[in-house]
Amino acid sequence: MAQPPEDCLSITVLSAQDAPEGTEAQDRGQFLARQERWDDLSRQIRTADETRAATRCGMPLADLIAFGARADVVTATEHALAENHDARSRTLIRGLMAFEALRAENRHDPYLTALVALAHIDIGWAWRGTGGQETPASNQRRCAAHFDRAAALLEPIAEDSRNSPFLLAAQCALFAGRSTGTLQVADTYSALIDLAPANHRHMRALGTHMLPRSAGSYAALELEARRTAARTEATWGAGGYTWVYFDAISVDSQACARVDTRFFLDGLRDIVQADASQEMINLLAAYCTVALPKDMGKDLQADVPRLRIAGAADWLIRDHLTELHPLVWAHAEEGFDNSTLIRSVSRFAARGHAGALQALAAQFREEIESGQKISFTEKGLHLSPA
């Protein structure tokens, strides 16, 4: 009988409590919102935005503080929808009314206005639902109403958004729920990427918006990937091309069949050259072993690029991995779906931990079957008799 992965693999595991580097910023935003210290909240978001403050893995602190500030309202929505509970629904309505009152009292503060708009966008996503199930018409209407309200809030601060990554990202978030022309989406995202080239999430979002199912086409996706690579070369080398295609090819087989695999893999190496943090290595390794291969076998034309890109997991894991971040792997299993409802972080992390060990064991199948134990250390990979 084969040994369980944990018996033949030794690797430091980041706990669910320690993993989110930006937790402190989120907690701070949530605390300030609960205390209704809106001036302090606005000032902290503005300062983080203007200074481009970010975590080691590039997540903007302004986004994290704002996410924490609206967490109670959004979480109440998710639970109300999941449980269809009247008490929770009333909590949701009260929370939204409090946020709208906040905006009315601070209508000249673009940061608080954007915060309320982002809450509406999050709630719109919650009404739309996830998991590939068809959204009921009533839910679609509620989703559209929240996106419309967010658009109405953001329209007057469009000028303020020109030089602010936080505010411009809020404008871009609207594209997920409203029909917009390809050129406008591409140009707005391009402006955002120019303001914050180190934030790969904006490039990934651009890629999904350039898919035919959204606002673009396969030709537009390729064009924007190459344009982004050229404009972010100083930060990511060829990595801009990879980031734009990153999520797009994991959800669209035709995009995967069309991707320039050599360019993508060159970009992957340049990304590691630019950022070899364990957060990044876990993200890329989980992508190659878990997220990307999910649709293997469904489209033969897409399978060839998938296999070649998935093969990068070998050097990513063997040459760069020293610790395991279970939450990253858990999110990879969900296709990096940001709207996934996480009821228990510890259980979500445990699932990611188990999946990661299985993926690592698969990478070292020959060594394990020959009786070796694989140890990931700070000095590199070490193999020894089991």
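The closest side-chain donor-acceptor pair between T208 and D247, if any, does not fall under 3.5 angstrom. For T322 and Q278, the side-chain atoms include at least one donor-acceptor pair closer than 3.5 Å.
Taking the ring axis of W38 as reference, the NZ or CZ atom of R103 does not stay both within 45° of it and closer than 6.0 Å to the ring centre. In this structure, R204 satisfies the cation-pi test against F336, with its NZ or CZ atom closer than 6.0 Å to the six-membered ring centre and inside 45 degrees of the ring normal.
Salt-bridge check for K294 with E334: failed, with every basic side-chain N at 4.0 Å or more from each acidic carboxylate O. A salt bridge links R351 with E333; the closest basic N to acidic carboxylate O contact falls under 4.0 Å. Between D49 and R46 no salt bridge is recorded (no basic side-chain N to carboxylate O distance below 4.0 Å).
For D319, the CG atom is densely surrounded, since the number of other residues' heavy atoms within 6.0 Å is greater than 12. Atom CD of Q301 has 12 or fewer heavy atoms from other residues, nucleotides or ligands within 6.0 Å. In F67, the CZ atom is not crowded: 12 or fewer heavy atoms of neighbouring residues, nucleotides or ligands sit closer than 6.0 Å.
Residues forming a side chain to side chain donor-acceptor pair (under 3.5 Å) with W243 (at least two apart in sequence, or on another chain): none.
Atoms CE and OG1, on M203 and T235 in that order, are 7.5 Å from each other to the nearest 0.5 Å.
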